[in-house]
There are 2 protein chains.
Amino acid sequence: MTKVLVVDDEPQIRRALRTSLEAHGYEVVVVGTGEEGVLAAADAMPDLLLLDLGLPDLDGTEVIRRVRAFTEVPVIVLSVRDAQHDKVAALDAGADDYVTKPFGMEELLARARAAMRRAAPEDPAPPLLRYGELEVDLARRLVIRDGQALHLTPTEYGLLEALVTNPDKLLTHQWLLRRVWGQGYGTETTYLRTYVRALRKKLGDDAARQGLIVTEPGVGYRWVGEPTFGASSTD
Amino acid sequence: MTKVLVVDDEPQIRRALRTSLEAHGYEVVVVGTGEEGVLAAADAMPDLLLLDLGLPDLDGTEVIRRVRAFTEVPVIVLSVRDAQHDKVAALDAGADDYVTKPFGMEELLARARAAMRRAAPEDPAPPLLRYGELEVDLARRLVIRDGQALHLTPTEYGLLEALVTNPDKLLTHQWLLRRVWGQGYGTETTYLRTYVRALRKKLGDDAARQGLIVTEPGVGYRWVGEPTFGASSTD
DNA sequence: TCGGGGCGTGAGGGATGCGTGAAGACCTGC
DNA sequence: GCAGGTCTTCACGCATCCCTCACGCCCCGA
């Protein structure tokens, strides 16, 4: 059955969405916070995600970014905010559609159908990546080494996520800086050196050997960690 | 270049869309009727279709249906009508999004990016080139020989890319130097000798035999690697 | 047959960029 | 206001890469 994940903190909206969706034959999972939403997107593997932007814990675009780290599930944003820059930010973060509250249920259902119709066939890529004794849980933003959870700073995790979600690909300095630090960056290669070093240290990687992160001099870095357990390439 | 087909009969909207889209680097084709729109969708093969619902000749949903008969191109509907049943009809007919006039141009551009991003996976050109035991992955900037990743310096890779992307074509010294080293170069054939040698060595090619890189004395070089087809590692 | 230009080969100097270590600036929660 | 953690910045060896030069070979024309 088609499964829809609803992430919203307003009881009224939650009830209305659940009722209407179930009446149309969808299986519905409802959670109330952004953190729960990201986890549910990983665990429940829904076919569609309806996301409220005004969540209490996380910014909406942040939720989209985290979900997009491990799944291509269609995301429709529901929001009371009608400002253009909110829509642009959400859509560019990876959302598929943006509906302003209050919305008509028939329209929402039609947009949901359109989004799911377009969706690519679901690839069962597990949000848990393993590289020997290293585990990266993209949904929980958790990194485990030798059974022990590692503490990564936000920047370190952002860098790791950028690397592991683009395996074997040469990521240029500029690309990494823009992705992890923001659009205004692109030349600060000393940042990269510092954080790549910190990551290597925490992951137990060695700059000299080609273990996990390979340096491509003058160009960028590349994640070459061999995934263990399960299928590999995720194109 | 990304091509956008605009189907609208209002001169004001046409001008505004053309200006904004071209300012953002899109190639724009504009027609004024539904019949023309369907034909242009087939002939011009656009990457995105912006469709006004209030056309003089055909009903908007009919245009969508006809277009959908032969292409999966993303369709965004522009309409003055805000009624739910119009949106539902358009979306269920095969549209990907529905924007009500008057709309903000930034929002429209963001929705266009989202629609095209989702359609992107049907990329028919796998950038993985194979020549016997040599693989060149242009997307990942990865070169593999006998199952082992090769380490190429930026200049070496730039030269290889120039050669591989112009197979069987005679590339002059000047052309190669300008492409790999920059506009200010053109006479430094010693650079080419040095780097062609390094490339041949790493690729396992032999200058004497005509394996991969052929020397055209006094003129330039030519890539003659025979592409082999077969099961690639990315399936 | 001889000479010269172009090419392949090998090696080396200089500059760039990287890894490393450390320290100050900043921010955030208590 | 304070303390801990985090981000940014700097200096210093060192490996790597780009560029350069010298030499011998082959092909081609005189």
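Lettering of chains follows the sequences in order, A, B, ..., and the numbering in each one begins at 1. Predicted model, so just to flag it, every value in this text is computed and none were measured.
Shown here are the side-chain hydrogen bond (donor to acceptor under 3.5 Å, both in side chains) partners of A:Glu226, two or more places apart in sequence or in another chain: there are none. Scored by the side-chain contact (heavy atoms from CB on, under 4.5 Å) test, B:Thr172 finds B:Gln174, B:Trp175, B:Val219 as partners (sequence neighbours excluded). By the side-chain contact (heavy atoms from CB on, under 4.5 Å) test, B:Ala149 is found to be paired with B:Leu142, residues two or more places apart in sequence or in another chain being considered. Scanning for side-chain hydrogen bond (donor to acceptor under 3.5 Å, both in side chains) contacts around B:Arg222 gives B:Glu216, with sequence neighbours left out. Under the side-chain contact (heavy atoms from CB on, under 4.5 Å) criterion, A:Lys101 pairs with A:Asp8, A:Glu10, A:Ile13, A:Asp52, A:Leu78, A:Val80, A:Phe103, sequence neighbours left out. Partners of B:Tyr26 according to the ring-ring contact (aromatic ring centres under 6.0 Å, His included) rule, which considers only residues two or more places apart in sequence or in another chain, do not exist here. For B:Tyr157, there are no ring-ring contact (aromatic ring centres under 6.0 Å, His included) partners two or more places apart in sequence or in a different chain.
Between the CZ atom of A:Arg197 and the P atom of D:dC7 there is a distance of 14 Å, rounded to whole Å.
Looking at B:Asp146, its side chain never comes within 3.5 Å of a backbone N or O of B:Gln148 through a donor-acceptor pair. Using a distance-only test at 3.5 Å, with no hydrogens or angles considered, no donor-acceptor pair links the side chain of A:Arg178 to the main chain of A:Trp181.
Looking only at atom types and distance, the side chain of A:Thr100 has a donor-acceptor partner in the side chain of A:Asp82 under 3.5 Å away.
Near-neighbour residues of DNA chain C inside residues 161-186 of chain B, defined by a heavy atom below 4.0 Å, number-ordered: B:His173.
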Could you go over nucleotides 20-23 of chain D and give all protein N or O partners under 3.5 Å, atom names and distances?
from   : atom 1 : to       : atom 2 : distance (Å)
D:dT20 : OP2    : B:Tyr191 : OH     : 2.4

Under-3.5 Å N/O pairs linking protein and nucleotides 27-30 of chain D:
none

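Between B:Tyr131 and B:Trp223, the ring planes lie perpendicular to each other; the angle is over 60°, past the 30° to 60° tilted range.
Protein chain B touches strand DNA chain C; the 5'-most and 3'-most nucleotides with an atom under 4.0 angstrom of its non-hydrogen atoms are C:dG6 to C:dG10.
Over its full length, the helix from C:dT1-D:dA30 to C:dC30-D:dG1 turns its helical axis through 30°, comparing axes from the five pairs at each end and rounding to 10°.
One finds no side-chain N or O of A:His151 lying less than 4.0 angstrom from the OP1 or OP2 phosphate oxygen of D:dG5.
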Verdict with reasoning, A:Arg15 to A:Ser20, per side chain to side chain donor-acceptor pair (under 3.5 Å): CA-CA 9 Å; A:Arg15 264 199 308 276; A:Ser20 296; over 6 Å; no

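Screening A:Asp96, A:Leu5, A:Val67, A:Asp47 for a side chain to side chain contact (heavy atoms under 4.5 Å, CB included) involving A:Val73 leaves a single residue, A:Val67.
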